[in-house]
Amino acid sequence: MENYRVDQLAALAHPQRLALFRLLVRRYPDHVPAGELGRALGVRQNTLSSYLSTLRHAGLITQFRSG
């Protein structure tokens, strides 16, 4: 259980990942499209994908795909 918390803190230690997480929390429970997230944070799609993957692996977010 302790490693789980360390992984979560490590995921949030990066300023842009923290900004992404804060944006998602503000918009909860609404779903936010990845393109909208990228534009709001000013990051490229591949960078955003990496940030989302890190947050997801730390158990901080879940991913939903539609279409």
Side-chain angles (χ1 to χ4, degrees):
M1 180 72 167
E2 194 169 307
N3 278 344
Y4 184 69
R5 298 289 181 217
V6 170
D7 290 343
Q8 289 178 330
L9 290 172
L12 296 174
H14 187 279
Q16 286 185 309
R17 285 194 305 255
L18 178 58
L20 173 59
F21 183 73
R22 291 177 70 195
L23 175 61
L24 290 169
V25 168
R26 281 195 308 269
R27 296 285 303 271
Y28 182 82
D30 296 333
H31 299 284
V32 185
E36 186 178 330
L37 292 171
R39 284 188 301 276
L41 297 172
V43 297
R44 297 183 318 176
Q45 192 65 31
N46 61 338
T47 303
L48 178 65
S49 178
S50 174
Y51 292 165
L52 289 168
S53 178
T54 300
L55 294 175
R56 191 175 64 252
H57 284 25
L60 293 166
I61 64 170
T62 57
Q63 184 176 8
F64 176 116
R65 291 185 184 201
S66 98

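Heavy atoms only: backbone and side chains are in, while hydrogens, waters and symmetry mates are out. Sequence positions, counted from 1, serve as the residue numbers for this chain.
Residue-environment remark: CZ (Arg22) stays at or below the threshold of 12 foreign heavy atoms within 6.0 Å. Counting heavy-atom neighbours within 6.0 Å of His14 NE2, excluding the residue itself, gives a total above 12.
Hydrophobic clustering (side-chain heavy atoms under 4.5 Å, transitive across Ile, Leu, Val, Met, Phe, Trp, Tyr) keeps Tyr28 apart from Ile61.
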Anything under 3.5 Å between a donor and an acceptor, one on a side chain of residues 38-52, the other on a protein residue two or more places apart or in another chain? List them.
| residue | atom | partner | partner atom | Å |
| --- | --- | --- | --- | --- |
| Arg39 | NH1 | Gly35 | O | 3.3 |
| Tyr51 | OH | Gln16 | OE1 | 2.6 |

Could you walk me through whether Arg17 and Phe21 pass the side chain to side chain contact (heavy atoms under 4.5 Å, CB included) check? CA-CA 6 Å; Arg17 285 194 305 255; Phe21 183 73; over 6 Å; no
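Between Leu12 atom CG and Asp7 atom CG the span is 11.0 Å, to the nearest 0.5 Å. How far CG of Leu60 is from CG of Leu24: 10.0 Å, rounded to the nearest 0.5 Å.
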